[in-house]
Amino acid sequence: MNVHDSQWLGRALATRGFTEASLEEAQVVVVNTCSVREKPEQKVISALGRIRQVTGGNPGVLVGVAGCVAQQLGEAFFAKEKQVRLVAGSDGISGAPAAIERLLEDPGLRLSLLDFTSHYVEREAGPETSAVPSGPVAYINIMQGCDNFCAYCIVPFTRGRQKSRSSTAILEECQAVLDKGAREISLLGQNVNAFGQDKSGDGTSFAQLLRQVAALPGLERLRYVTPHPKDMGPEDVAAFAELPQLCPRLHLPLQAGSDAVLKSMRRRYDSEAFLRLVENLRNARPDLALSTDLIVGFPGETEEDFQATLHMMRACDFMSSFSFIYSDRPGARAALFPDKVPADIAQDRLLRLQALQDELGARWLADRKEAHEQTTLLLEGPSPKIGEGQEPSWQGRDPYGVPVHVPLPAGTDHTGRLVQARITEAKKHSLMAIRTGEPW
Ligand code: SAH
Ligand code: SF4
């Protein structure tokens, strides 16, 4: 979501006549920040220190801080770093391009955009009006914020309450990126299945939105992130059976396998409900691959609780996962919980969890190689590493989002094309294939 915000800001500035520059030459530098885990404040301060060093502290260089850390620390950044003249929080970022122009006209001014809005604010100069072409994969925001207040999480505090975007604006932006060459769309939100269920929504449910987006001409692939298991209703599950554009891959955050830990995390599902959901999803789409987010060392987590997480990983056969050591976040409830897990134990659990994930992921890739699976790739660009004398190779993604390398004839830009291919080799996190048809 942050990457998407940064890209939007870049495009909005490009529309206003700015061009991208190196840090040495830049007239404006914006640090976009995330505070979901681990020492974000120190990271931002050290980034600002580096900017000061490279620019020689030149007061003519306008420095801004945007995103969640800006939301948290606000105008404190003005005192910490002289060069900082703009702080723009989660909702404030939409006003950043205009603020930057104003600040450049008035060098004595500093601006803070920290208010939360009560409704989703449409951003100016989206890709539909920007001169920058769309890549083959486009990310489209469908909502802001979150109402769930999971005990460990800072998001509801930094990104505010849930605000759904209007379905008309979403569909317009989707059509605009498709018209400009995108073939895959990823819908973004902190809790996408709750889309529309807030006062900013227009009555369209997530399942309805999925169907509307899937019907847009030119769309080959549709994905979304992040769903919440407690809010995935029968219609969201049925979409996997009904919509061929919806890719057979779902990132479904489990967080922990132990019911006691899930309860104390306030996730509002237990392991049995999660397994039932996985079963329903796989009944709807037998080739579905699941990935997840996992936290180890949540306050009070015992070895037995941790074993329950490993057990669930096997039971769900996750193809991949993002795994984190729990860290206290200011304002989140769990920061006040007793029984913090010592760092060495949490670290050990993380390594054991990641070893199991490597095993599950490697087996999943190897099975696909052994089946000589026939697949379709959306080509993204030349493979980063080409050996001497080798045929030029391109990197694409299969419907599961896995990077796949495939040799293709030289002399043509294949970016954004689709090609049929057969898997020939499994690497640690990627696959090799040969093409079985012409790119289109
Ligand atoms: N809305 C999404 C993602 C939220 S943040 C969801 O509900 O899944 C992304 C991930 O960061 C979370 O899924 C969680 O695994 C991790 N995370 C959030 N807060 C954390 C914390 N305090 N310590 C460690 N990991 C955390
Ligand atoms: Fe954070 Fe929970 Fe909301 Fe995800 S659902 S953003 S983990 S509060």
Side-chain angles (χ1 to χ4, degrees), residues 1-2 4-5 7-9 11-12 71 89-98 113 115-130 134 138-149 155-156 158-180 182 184-219 221-240 242-243 245-247 250-251 268:
M1 206 162 262
N2 271 45
H4 176 68
D5 282 349
Q7 287 171 348
W8 169 80
L9 185 56
R11 277 197 305 267
Q71 190 71 56
S90 309
D91 286 354
I93 203 166
S94 57
L113 309 170
D115 288 345
F116 283 119
T117 56
S118 60
H119 278 68
Y120 190 97
V121 176
E122 277 306 315
R123 290 175 172 183
E124 59 174 285
E128 60 273 31
T129 50
S130 147
S134 191
Y139 294 88
I140 308 284
N141 236 334
I142 65 166
M143 64 214 294
Q144 272 279 33
C146 181
D147 286 344
N148 282 325
F149 292 92
V155 169
T158 54
R159 286 199 174 253
R161 286 309 81 71
Q162 179 179 310
K163 288 168 294 214
S164 297
R165 190 178 182 190
S166 89
S167 58
T168 318
I170 296 169
L171 291 168
E172 274 172 17
E173 189 179 351
C174 289
Q175 190 59 65
V177 294
L178 292 170
D179 291 346
K180 291 177 80 182
E184 174 177 319
I185 284 179
S186 255
L187 303 177
L188 292 180
Q190 291 296 350
N191 183 8
V192 292
N193 311 96
F195 173 80
Q197 295 165 37
D198 54 72
K199 60 180 189 301
S200 179
D202 66 4
T204 308
S205 72
F206 182 61
Q208 287 166 334
L209 180 72
L210 272 184
R211 282 166 176 74
Q212 291 168 1
V213 177
L216 292 174
L219 182 78
R221 290 179 173 183
L222 178 58
R223 305 179 194 277
Y224 58 80
V225 72
T226 311
H228 195 302
K230 79 172 166 60
D231 290 316
M232 269 208 86
E235 293 191 341
D236 297 335
V237 174
F240 278 99
E242 291 161 17
L243 303 177
Q245 297 85 352
L246 193 57
C247 291
L250 185 66
H251 188 75
R268 287 178 275 168

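No more than 12 heavy atoms of other residues, nucleotides or ligands lie within 6.0 Å of OH in Y139, so this atom counts as exposed by the packing criterion.
Not counting sequence neighbours, the partners of F206 by the ring-ring contact (aromatic ring centres under 6.0 Å, His included) test are Y224. Partners of A169 under the side chain to side chain contact (heavy atoms under 4.5 Å, CB included) rule, at least two apart in sequence or in another chain, are E122, R165, S166. Applying the salt bridge (Lys or Arg N to Asp or Glu O under 4.0 Å) criterion to E235, with sequence neighbours excluded, gives no partner residue.
A distance of 8.5 Å separates CE of M143 from CD of Q190, quoted to the nearest 0.5 Å. Separating the CD atom in Q144 from the CD1 atom in I93 is a distance of 9.0 Å, to the nearest 0.5 Å. Note that CG of D236 is 7.5 Å distant from OG of S205, once rounded to the nearest 0.5 Å. Rounding to the nearest 0.5 Å places CD1 of I142 at 12.0 Å from CD of E173. For the atom pair Q212 CD and C174 SG, the distance stands at 10.0 Å (nearest 0.5 Å). Note: I140 CD1 to I170 CD1 = 9.0 Å, rounded to the nearest 0.5 Å.
For the pair S90 (side chain) and T158 (backbone), a donor-acceptor distance under 3.5 Å is present. Judged by distance alone, with hydrogens and angles left aside, the side-chain atoms of T204 form no donor-acceptor pair with the main-chain N or O of L209 at under 3.5 Å. In this structure a side-chain-to-backbone donor-acceptor pair under 3.5 Å is missing from R223 to E184. Using modelled atom types, one side-chain atom of D91 and one backbone atom of T117 make a donor-acceptor pair closer than 3.5 Å. In this structure a side-chain-to-backbone donor-acceptor pair under 3.5 Å is missing from R221 to L246. In this structure a side-chain-to-backbone donor-acceptor pair under 3.5 Å is present from S200 to S164. No donor-acceptor pair under 3.5 Å is formed between the side chain of D231 and the backbone N or O of N193. Q162 contributes a side-chain N or O that, together with a main-chain N or O of A194, makes up a donor-acceptor pair within less than 3.5 Å.
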If you apply the rule side-chain contact (heavy atoms from CB on, under 4.5 Å), what do you find for H228 with R268, and how did you get there?
CA-CA 10 Å; H228 195 302; R268 287 178 275 168; 5.7 Å; no
Verify side-chain contact (heavy atoms from CB on, under 4.5 Å) between L250 and M232, making sure each step is shown before the conclusion.
CA-CA 12 Å; L250 185 66; M232 269 208 86; 3.9 Å; yes
Should K230 and N191 be marked as a side-chain contact (heavy atoms from CB on, under 4.5 Å) after you check the CA-CA gap, both sets of side-chain angles, and the distance that decides it?
CA-CA 10 Å; K230 79 172 166 60; N191 183 8; 4.2 Å; yes
Test log, rule side-chain contact (heavy atoms from CB on, under 4.5 Å), inputs K180 and V177
CA-CA 5 Å; K180 291 177 80 182; V177 294; 5.6 Å; no
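Under the 4.5 Å side-chain criterion, counting only non-hydrogen atoms from C-beta, R161 is not in contact with D198. Looking at heavy atoms from C-beta onward, N148 lies out of side-chain contact with V155 at the 4.5 angstrom threshold. At a threshold of 4.5 Å between non-hydrogen side-chain atoms, the residues V225 and L188 count as touching. By the 4.5 Å heavy-atom criterion applied to side chains, W8 and P97 are counted as neighbours.
Across every non-hydrogen atom of F116 and G160, the tightest pair is CE2-N, 3.5 Å. Across all non-hydrogen atoms, the minimal contact from L187 to V192 is O-CG1, 4.4 Å. Between P217 and Q175, the shortest heavy-atom contact is CD-OE1, 3.5 Å.
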